[in-house]
Amino acid sequence: MRIKDFKLEEYFAKYEFKVKYSLCSSDCESFSVEELLFLEKNSLEDLKNVTLGYTESLGNPILREEISKLYRNIDSEEVIVFSGAEEAIFIFMNVLLKKDDHLIVQYPAYQSLYEIANAIGCKVTKWVMDDENLWNLDLQFLETNITQSTKCIVVNFPHNPTGYLPKKDIYEKIINLAKTNNIYLLSDEVYKFLEYNEAERLPSACDLYEKGVSIGVMSKSFGLAGLRIGWIATKDNTLFGEVASFKNYTTICNSALSEFFAILALRNRSKIINRNLEIIDSNLNLLDDFFNKYNNFFKWIKPKAGSIAFPRLLIDEGVGTFCLKLLKEKSVLLMPSSNYDYGDRHFRIGFGRKNMPEALQKLEEFLKDNY
Ligand SMILES: Cc1ncc(COP(=O)(O)O)c(C=O)c1O
(Lines give C-alpha, C1' and ligand atoms only; values in the text may rest on other atoms or scores of the structure.)
Protein backbone atom coordinates (compact mmCIF):
# COMPACT_ATOMS: atom_id res chain seq x y z
CA MET A 1 0.00 0.00 0.00
CA ARG A 2 1.25 3.49 -0.92
CA ILE A 3 -0.17 6.15 1.33
CA LYS A 4 0.35 9.92 1.48
CA ASP A 5 2.19 11.51 4.40
CA PHE A 6 0.02 12.22 7.42
CA LYS A 7 0.47 15.98 7.44
CA LEU A 8 -0.76 16.75 10.93
CA GLU A 9 1.22 13.95 12.56
CA GLU A 10 4.36 14.94 10.63
CA TYR A 11 3.96 18.53 11.85
CA PHE A 12 3.63 17.29 15.43
CA ALA A 13 6.63 15.01 15.01
CA LYS A 14 8.68 17.98 13.86
CA TYR A 15 7.71 20.46 16.58
CA GLU A 16 5.64 19.00 19.43
CA PHE A 17 8.48 17.94 21.70
CA LYS A 18 10.70 20.92 20.89
CA VAL A 19 8.31 23.76 21.70
CA LYS A 20 7.59 25.14 25.14
CA TYR A 21 3.83 25.31 24.63
CA SER A 22 1.69 23.05 22.53
CA LEU A 23 -1.43 25.14 22.04
CA CYS A 24 -3.01 22.76 19.54
CA SER A 25 -2.97 19.36 21.26
CA SER A 26 -6.24 17.53 21.08
CA ASP A 27 -5.77 15.29 24.09
CA CYS A 28 -6.61 16.33 27.63
CA GLU A 29 -3.99 16.83 30.33
CA SER A 30 -2.41 13.48 31.03
CA PHE A 31 -2.08 11.60 34.32
CA SER A 32 1.06 10.19 35.89
CA VAL A 33 1.29 6.53 36.85
CA GLU A 34 1.24 7.66 40.48
CA GLU A 35 -1.98 9.63 39.97
CA LEU A 36 -3.66 6.62 38.38
CA LEU A 37 -2.52 4.25 41.11
CA PHE A 38 -3.89 6.70 43.68
CA LEU A 39 -7.40 6.10 42.28
CA GLU A 40 -7.74 2.70 43.94
CA LYS A 41 -6.44 1.05 47.09
CA ASN A 42 -4.22 -1.99 46.41
CA SER A 43 -3.62 -0.93 42.82
CA LEU A 44 0.15 -0.89 43.30
CA GLU A 45 0.07 -4.51 44.49
CA ASP A 46 -2.15 -5.41 41.52
CA LEU A 47 0.28 -3.72 39.19
CA LYS A 48 3.20 -5.70 40.60
CA ASN A 49 1.32 -8.89 39.78
CA VAL A 50 0.74 -8.08 36.11
CA THR A 51 2.60 -10.59 33.96
CA LEU A 52 4.18 -9.44 30.74
CA GLY A 53 3.39 -12.23 28.31
CA TYR A 54 1.21 -12.01 25.22
CA THR A 55 -2.31 -10.90 26.05
CA GLU A 56 -5.67 -11.95 24.61
CA SER A 57 -5.89 -10.78 21.02
CA LEU A 58 -9.37 -9.24 21.31
CA GLY A 59 -8.33 -7.46 24.51
CA ASN A 60 -8.33 -8.26 28.21
CA PRO A 61 -11.88 -9.53 29.00
CA ILE A 62 -12.12 -7.20 32.03
CA LEU A 63 -11.15 -4.25 29.85
CA ARG A 64 -13.70 -5.24 27.19
CA GLU A 65 -16.32 -5.43 29.93
CA GLU A 66 -15.41 -1.94 31.21
CA ILE A 67 -15.51 -0.53 27.67
CA SER A 68 -18.92 -2.11 27.02
CA LYS A 69 -20.29 -0.13 29.99
CA LEU A 70 -19.73 3.06 27.97
CA TYR A 71 -22.53 1.93 25.64
CA ARG A 72 -26.22 1.18 26.06
CA ASN A 73 -26.63 -2.06 24.13
CA ILE A 74 -23.14 -3.41 23.62
CA ASP A 75 -21.81 -6.62 25.21
CA SER A 76 -18.15 -7.14 25.96
CA GLU A 77 -18.03 -9.67 23.07
CA GLU A 78 -18.88 -6.82 20.72
CA VAL A 79 -15.78 -4.85 21.69
CA ILE A 80 -12.27 -5.35 20.28
CA VAL A 81 -9.28 -3.48 21.67
CA PHE A 82 -6.48 -1.95 19.56
CA SER A 83 -3.34 0.11 19.79
CA GLY A 84 -5.09 3.46 19.77
CA ALA A 85 -7.94 4.63 17.59
CA GLU A 86 -5.44 4.82 14.75
CA GLU A 87 -5.07 1.04 14.49
CA ALA A 88 -8.84 0.66 14.72
CA ILE A 89 -9.40 3.04 11.79
CA PHE A 90 -6.63 1.43 9.74
CA ILE A 91 -7.98 -2.08 10.17
CA PHE A 92 -11.63 -1.12 9.72
CA MET A 93 -10.86 0.59 6.39
CA ASN A 94 -8.70 -2.29 5.16
CA VAL A 95 -11.29 -4.90 6.01
CA LEU A 96 -14.34 -3.07 4.68
CA LEU A 97 -13.13 -1.33 1.56
CA LYS A 98 -11.94 -2.33 -1.87
CA LYS A 99 -10.91 -0.34 -4.96
CA ASP A 100 -13.69 1.85 -6.44
CA ASP A 101 -15.89 1.72 -3.34
CA HIS A 102 -17.39 5.08 -2.51
CA LEU A 103 -17.20 6.85 0.87
CA ILE A 104 -18.66 10.08 2.14
CA VAL A 105 -16.47 11.66 4.80
CA GLN A 106 -17.28 14.62 7.01
CA TYR A 107 -14.59 17.21 6.28
CA PRO A 108 -12.18 18.65 7.49
CA ALA A 109 -11.15 15.40 9.09
CA TYR A 110 -8.39 13.58 10.90
CA GLN A 111 -6.44 12.41 7.87
CA SER A 112 -6.66 8.66 8.36
CA LEU A 113 -10.46 8.88 8.17
CA TYR A 114 -10.14 9.44 4.39
CA GLU A 115 -6.50 8.84 3.39
CA ILE A 116 -6.50 5.09 3.98
CA ALA A 117 -9.55 4.85 1.71
CA ASN A 118 -7.73 6.94 -0.91
CA ALA A 119 -4.76 4.59 -0.73
CA ILE A 120 -7.03 1.58 -1.26
CA GLY A 121 -8.32 3.25 -4.44
CA CYS A 122 -11.76 4.29 -3.19
CA LYS A 123 -13.66 7.31 -4.37
CA VAL A 124 -13.95 9.74 -1.49
CA THR A 125 -16.58 12.49 -1.39
CA LYS A 126 -15.77 15.19 1.13
CA TRP A 127 -18.80 16.36 3.08
CA VAL A 128 -17.42 19.83 3.68
CA MET A 129 -18.23 21.93 6.74
CA ASP A 130 -17.98 25.71 6.61
CA ASP A 131 -17.66 28.30 9.39
CA GLU A 132 -19.95 30.61 7.37
CA ASN A 133 -22.61 28.05 8.24
CA LEU A 134 -21.38 27.72 11.86
CA TRP A 135 -19.91 24.32 10.87
CA ASN A 136 -23.42 22.89 10.46
CA LEU A 137 -23.65 19.87 8.19
CA ASP A 138 -25.78 19.99 5.06
CA LEU A 139 -27.97 16.88 5.12
CA GLN A 140 -29.22 17.51 1.61
CA PHE A 141 -25.63 17.16 0.38
CA LEU A 142 -25.30 13.81 2.10
CA GLU A 143 -28.57 12.52 0.68
CA THR A 144 -27.82 13.56 -2.90
CA ASN A 145 -24.30 12.13 -2.86
CA ILE A 146 -25.22 8.61 -1.77
CA THR A 147 -24.89 6.23 -4.74
CA GLN A 148 -25.15 2.48 -5.39
CA SER A 149 -21.44 2.12 -4.67
CA THR A 150 -21.45 4.07 -1.39
CA LYS A 151 -20.05 1.66 1.17
CA CYS A 152 -19.61 3.89 4.17
CA ILE A 153 -20.34 7.28 5.71
CA VAL A 154 -17.65 8.54 8.07
CA VAL A 155 -18.51 10.97 10.85
CA ASN A 156 -16.67 12.32 13.86
CA PHE A 157 -18.72 13.83 16.69
CA PRO A 158 -17.57 15.72 18.77
CA HIS A 159 -15.56 16.90 15.81
CA ASN A 160 -11.84 17.31 15.27
CA PRO A 161 -10.96 20.15 14.60
CA THR A 162 -14.07 22.35 15.01
CA GLY A 163 -15.62 21.08 18.26
CA TYR A 164 -18.90 20.77 16.36
CA LEU A 165 -21.60 18.53 17.79
CA PRO A 166 -24.84 18.14 15.84
CA LYS A 167 -28.23 18.29 17.46
CA LYS A 168 -29.75 14.87 18.12
CA ASP A 169 -32.32 15.14 15.33
CA ILE A 170 -29.59 15.84 12.75
CA TYR A 171 -27.58 12.87 14.01
CA GLU A 172 -30.65 10.64 13.81
CA LYS A 173 -31.22 11.72 10.22
CA ILE A 174 -27.65 10.72 9.34
CA ILE A 175 -28.17 7.33 10.97
CA ASN A 176 -31.47 6.88 9.16
CA LEU A 177 -29.91 7.72 5.80
CA ALA A 178 -27.23 5.09 6.44
CA LYS A 179 -29.90 2.57 7.50
CA THR A 180 -32.22 3.24 4.56
CA ASN A 181 -29.35 2.78 2.12
CA ASN A 182 -27.79 -0.14 4.01
CA ILE A 183 -24.46 1.69 4.31
CA TYR A 184 -21.89 1.32 7.08
CA LEU A 185 -21.54 4.27 9.43
CA LEU A 186 -18.06 4.68 10.86
CA SER A 187 -18.49 6.91 13.88
CA ASP A 188 -15.26 8.24 15.35
CA GLU A 189 -16.29 9.05 18.90
CA VAL A 190 -12.87 9.68 20.44
CA TYR A 191 -13.96 13.00 22.01
CA LYS A 192 -17.17 11.60 23.47
CA PHE A 193 -17.82 12.49 27.15
CA LEU A 194 -16.36 15.98 26.65
CA GLU A 195 -19.76 17.55 25.87
CA TYR A 196 -20.08 20.81 27.85
CA ASN A 197 -23.76 20.13 28.29
CA GLU A 198 -24.23 16.45 29.06
CA ALA A 199 -27.80 16.56 27.76
CA GLU A 200 -26.38 17.16 24.27
CA ARG A 201 -24.30 13.95 24.31
CA LEU A 202 -25.16 11.76 21.32
CA PRO A 203 -25.89 8.07 21.57
CA SER A 204 -23.19 5.90 20.05
CA ALA A 205 -23.68 4.69 16.48
CA CYS A 206 -23.10 1.06 17.49
CA ASP A 207 -26.03 1.33 19.92
CA LEU A 208 -28.42 2.52 17.22
CA TYR A 209 -27.55 0.62 14.08
CA GLU A 210 -26.30 -2.91 13.19
CA LYS A 211 -23.84 -1.42 10.71
CA GLY A 212 -22.83 1.36 13.06
CA VAL A 213 -19.17 1.05 14.02
CA SER A 214 -18.08 3.18 16.97
CA ILE A 215 -14.46 3.99 17.64
CA GLY A 216 -13.30 5.04 21.09
CA VAL A 217 -9.94 5.62 22.73
CA MET A 218 -8.25 6.38 26.05
CA SER A 219 -6.22 9.21 24.46
CA LYS A 220 -8.52 12.19 24.25
CA SER A 221 -11.36 12.49 26.77
CA PHE A 222 -9.47 10.37 29.30
CA GLY A 223 -6.09 12.07 28.76
CA LEU A 224 -4.18 8.79 28.48
CA ALA A 225 -2.74 8.86 24.95
CA GLY A 226 0.46 7.13 26.04
CA LEU A 227 -1.46 3.95 26.83
CA ARG A 228 -2.24 3.50 23.12
CA ILE A 229 -5.52 1.79 23.91
CA GLY A 230 -8.45 2.25 21.54
CA TRP A 231 -11.34 0.07 20.42
CA ILE A 232 -14.13 -0.74 18.02
CA ALA A 233 -17.63 -1.50 19.27
CA THR A 234 -20.09 -2.97 16.78
CA LYS A 235 -22.95 -5.43 16.52
CA ASP A 236 -21.84 -6.51 13.04
CA ASN A 237 -20.46 -10.02 13.73
CA THR A 238 -19.01 -10.59 10.28
CA LEU A 239 -17.10 -7.32 10.25
CA PHE A 240 -15.99 -7.98 13.83
CA GLY A 241 -14.50 -11.34 12.86
CA GLU A 242 -12.67 -9.88 9.87
CA VAL A 243 -11.27 -7.02 11.91
CA ALA A 244 -10.09 -9.48 14.56
CA SER A 245 -8.30 -11.59 11.93
CA PHE A 246 -6.57 -8.57 10.40
CA LYS A 247 -5.17 -7.59 13.81
CA ASN A 248 -2.92 -10.66 13.65
CA TYR A 249 -0.97 -8.78 10.97
CA THR A 250 -0.64 -5.51 12.89
CA THR A 251 -0.17 -5.73 16.66
CA ILE A 252 -1.57 -9.24 17.48
CA CYS A 253 -2.47 -8.11 21.00
CA ASN A 254 -2.22 -5.12 23.32
CA SER A 255 0.31 -4.14 25.95
CA ALA A 256 -0.52 -5.82 29.27
CA LEU A 257 0.54 -2.73 31.24
CA SER A 258 -1.59 -0.43 29.11
CA GLU A 259 -4.59 -2.70 29.55
CA PHE A 260 -4.06 -2.66 33.32
CA PHE A 261 -4.08 1.15 33.45
CA ALA A 262 -6.99 1.45 31.01
CA ILE A 263 -9.09 -0.80 33.27
CA LEU A 264 -8.14 1.29 36.30
CA ALA A 265 -8.98 4.53 34.50
CA LEU A 266 -12.30 3.29 33.13
CA ARG A 267 -13.39 2.01 36.55
CA ASN A 268 -12.83 5.58 37.78
CA ARG A 269 -13.96 7.30 34.63
CA SER A 270 -16.22 9.93 36.15
CA LYS A 271 -13.36 11.33 38.28
CA ILE A 272 -11.12 11.47 35.22
CA ILE A 273 -13.69 13.01 32.90
CA ASN A 274 -14.78 15.55 35.51
CA ARG A 275 -11.22 16.70 36.06
CA ASN A 276 -10.75 17.12 32.32
CA LEU A 277 -14.02 18.97 31.88
CA GLU A 278 -13.01 21.36 34.67
CA ILE A 279 -9.77 22.20 32.88
CA ILE A 280 -11.66 22.68 29.60
CA ASP A 281 -14.31 24.86 31.19
CA SER A 282 -11.82 27.22 32.76
CA ASN A 283 -9.66 27.39 29.59
CA LEU A 284 -12.68 27.94 27.38
CA ASN A 285 -13.75 30.96 29.44
CA LEU A 286 -10.31 32.47 28.87
CA LEU A 287 -10.50 31.72 25.15
CA ASP A 288 -13.92 33.31 24.88
CA ASP A 289 -12.60 36.52 26.46
CA PHE A 290 -9.50 36.43 24.30
CA PHE A 291 -11.35 35.95 21.03
CA ASN A 292 -13.91 38.62 21.93
CA LYS A 293 -11.09 41.05 22.66
CA TYR A 294 -9.33 40.22 19.40
CA ASN A 295 -12.37 39.81 17.18
CA ASN A 296 -10.72 41.92 14.49
CA PHE A 297 -8.00 39.25 14.27
CA PHE A 298 -10.02 36.06 14.55
CA LYS A 299 -13.42 34.60 13.81
CA TRP A 300 -14.33 32.40 16.76
CA ILE A 301 -17.10 29.85 16.83
CA LYS A 302 -17.32 28.51 20.33
CA PRO A 303 -17.26 24.70 20.24
CA LYS A 304 -19.97 22.56 21.84
CA ALA A 305 -17.74 19.72 22.95
CA GLY A 306 -14.17 18.46 23.02
CA SER A 307 -10.80 20.03 23.64
CA ILE A 308 -10.15 21.78 20.31
CA ALA A 309 -11.55 24.50 18.07
CA PHE A 310 -10.82 25.87 14.60
CA PRO A 311 -10.79 29.69 14.51
CA ARG A 312 -10.30 31.67 11.32
CA LEU A 313 -7.49 34.21 11.01
CA LEU A 314 -8.93 37.44 9.62
CA ILE A 315 -5.76 39.46 9.06
CA ASP A 316 -4.08 39.66 5.69
CA GLU A 317 -1.51 36.92 6.28
CA GLY A 318 -1.48 33.19 5.60
CA VAL A 319 -2.06 31.02 8.65
CA GLY A 320 1.02 28.92 7.88
CA THR A 321 3.23 32.01 8.09
CA PHE A 322 1.43 33.27 11.20
CA CYS A 323 1.93 29.94 12.99
CA LEU A 324 5.61 29.68 12.07
CA LYS A 325 6.29 33.23 13.29
CA LEU A 326 4.54 32.46 16.55
CA LEU A 327 6.54 29.27 16.92
CA LYS A 328 9.83 31.05 16.32
CA GLU A 329 9.17 34.04 18.55
CA LYS A 330 7.24 32.50 21.45
CA SER A 331 7.76 28.75 21.18
CA VAL A 332 3.98 28.24 20.94
CA LEU A 333 2.59 25.61 18.56
CA LEU A 334 -0.68 26.11 16.68
CA MET A 335 -1.87 23.77 13.92
CA PRO A 336 -2.39 25.48 10.53
CA SER A 337 -5.34 24.30 8.45
CA SER A 338 -3.03 23.35 5.56
CA ASN A 339 -2.28 20.22 7.59
CA TYR A 340 -5.96 19.34 7.14
CA ASP A 341 -5.83 20.28 3.43
CA TYR A 342 -8.35 22.94 4.36
CA GLY A 343 -6.92 26.16 2.91
CA ASP A 344 -4.68 28.62 4.71
CA ARG A 345 -7.14 30.59 6.85
CA HIS A 346 -7.87 28.47 9.93
CA PHE A 347 -5.82 26.99 12.74
CA ARG A 348 -6.52 24.40 15.40
CA ILE A 349 -6.27 25.51 19.00
CA GLY A 350 -6.30 23.06 21.92
CA PHE A 351 -7.52 23.76 25.43
CA GLY A 352 -7.39 20.48 27.33
CA ARG A 353 -4.04 21.19 28.95
CA LYS A 354 -3.31 22.88 32.27
CA ASN A 355 -0.72 25.25 30.81
CA MET A 356 -3.08 26.70 28.22
CA PRO A 357 -3.48 30.05 30.06
CA GLU A 358 0.28 30.61 29.91
CA ALA A 359 0.40 29.67 26.23
CA LEU A 360 -2.50 32.02 25.50
CA GLN A 361 -0.65 34.83 27.23
CA LYS A 362 2.30 34.21 24.90
CA LEU A 363 -0.04 34.37 21.91
CA GLU A 364 -1.37 37.71 23.16
CA GLU A 365 2.17 39.06 23.62
CA PHE A 366 2.93 37.94 20.07
CA LEU A 367 -0.07 39.86 18.71
CA LYS A 368 0.92 42.99 20.62
CA ASP A 369 4.55 42.74 19.47
CA ASN A 370 3.74 42.22 15.80
CA TYR A 371 0.42 43.75 14.74
C1 LIG B 1 -10.75 12.18 15.31
C2 LIG B 1 -9.56 11.35 15.69
N3 LIG B 1 -9.60 10.03 15.47
C4 LIG B 1 -8.58 9.23 15.78
C5 LIG B 1 -7.43 9.74 16.36
C6 LIG B 1 -6.30 8.80 16.69
O7 LIG B 1 -6.25 8.60 18.06
P8 LIG B 1 -5.03 7.83 18.73
O9 LIG B 1 -3.85 8.73 18.55
O10 LIG B 1 -5.33 7.73 20.15
O11 LIG B 1 -4.86 6.55 18.06
C12 LIG B 1 -7.35 11.10 16.60
C13 LIG B 1 -6.12 11.68 17.18
O14 LIG B 1 -5.86 12.86 17.12
C15 LIG B 1 -8.44 11.93 16.29
O16 LIG B 1 -8.44 13.23 16.52
Side-chain angles (χ1 to χ4, degrees), residues 3 6-13 16-17 22-31 59 67 80-93 105-117 126-127 129 135 152-166 185-195 202 204-205 213-233 243 247 250-251 254-255 258-259 261-262 265-266 272 276 280 303 305-310 333-335 337 339-342 348-353:
I3 191 158
F6 200 133
K7 289 190 179 178
L8 175 143
E9 296 297 352
E10 304 252 337
Y11 200 77
F12 268 130
E16 186 181 10
F17 294 101
S22 175
L23 188 52
C24 56
S25 296
S26 59
D27 49 346
C28 288
E29 181 79 20
S30 201
F31 291 84
I67 293 170
I80 172 164
V81 184
F82 294 103
S83 257
E86 189 74 314
E87 188 189 15
I89 296 168
F90 184 80
I91 293 186
F92 168 82
M93 296 281 178
V105 183
Q106 181 190 353
Y107 196 83
Y110 188 66
Q111 195 171 337
S112 44
L113 293 174
Y114 59 91
E115 204 65 82
I116 298 164
K126 292 174 176 171
W127 187 14
M129 303 159 76
W135 301 124
C152 186
I153 299 170
V154 180
V155 291
N156 166 219
F157 307 132
H159 181 237
N160 171 1
T162 63
Y164 168 76
L165 182 71
L185 182 71
L186 179 66
S187 177
D188 181 325
E189 300 167 4
V190 300
Y191 299 95
K192 192 172 173 173
F193 308 112
L194 294 182
E195 299 78 7
L202 300 174
S204 285
V213 178
S214 294
I215 289 189
V217 83
M218 295 307 293
S219 307
K220 310 295 182 182
S221 318
F222 299 97
L224 295 167
L227 293 183
R228 311 307 303 132
I229 291 285
W231 58 87
I232 277 179
V243 159
K247 191 183 173 192
T250 52
T251 56
N254 311 296
S255 145
S258 291
E259 293 197 324
F261 285 112
L266 285 173
I272 288 183
N276 292 342
I280 286 176
S307 45
I308 44 180
F310 208 43
L333 188 67
L334 286 175
M335 181 60 65
S337 52
N339 289 325
Y340 281 88
D341 277 331
Y342 192 82
R348 182 172 100 179
I349 190 161
F351 42 88
R353 301 273 179 94

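Counting starts at 1 for both ligands and their atoms, in listed order. Hydrogens, waters and symmetry mates are skipped; everything else that's a heavy atom, side chains included, is used.
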Visitor: Measure centre to centre between the rings of Tyr110 and Phe6, then say whether the value is under 6.0 Å.
Guide: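 Centroid distance Tyr110-Phe6: below 6.0 Å, so yes.
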Visitor: Would you find a donor on one side and an acceptor on the other, under 3.5 Å apart, between the side chain of Lys192 and the backbone of Ser221?
Guide: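 Such a contact is absent between Lys192 side chain and Ser221 backbone.
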Visitor: Are Phe261 and Phe31 close enough that their ring centers fall under 6.0 Å?
Guide: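 No, the ring of Phe261 stays outside the 6.0 Å limit from the ring of Phe31, centre to centre.
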Visitor: What is the ring orientation for Tyr342 with Trp135, classed by angle as parallel under 30°, tilted 30 to 60°, or perpendicular over 60°?
Guide: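 Correct class here is tilted.
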Visitor: Under a 4.0 Å heavy-atom cut-off, what residues line ligand 1?
Guide: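 Only Ser26, Gly84, Ala85, Glu86, Ile89, Tyr110, Asn156, Asn160, Asp188, Val190, Tyr191, Val217, Ser219, Lys220, Arg228 have heavy atoms that fall under 4.0 Å of ligand 1, ordered by chain and number.
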Visitor: Indicate yes or no for a side-chain donor-acceptor contact from Ser83 to the backbone of Asn254 under 3.5 Å, with no hydrogens or angles considered.
Guide: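 Not a single qualifying donor-acceptor pair exists.
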Visitor: Please identify which of these residues, Cys24, Pro303, Pro108, meets the side-chain contact (heavy atoms from CB on, under 4.5 Å) condition with Pro161.
Guide: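 Testing each of Cys24, Pro303, Pro108 against Pro161, the sole residue satisfying side-chain contact (heavy atoms from CB on, under 4.5 Å) is Pro108.
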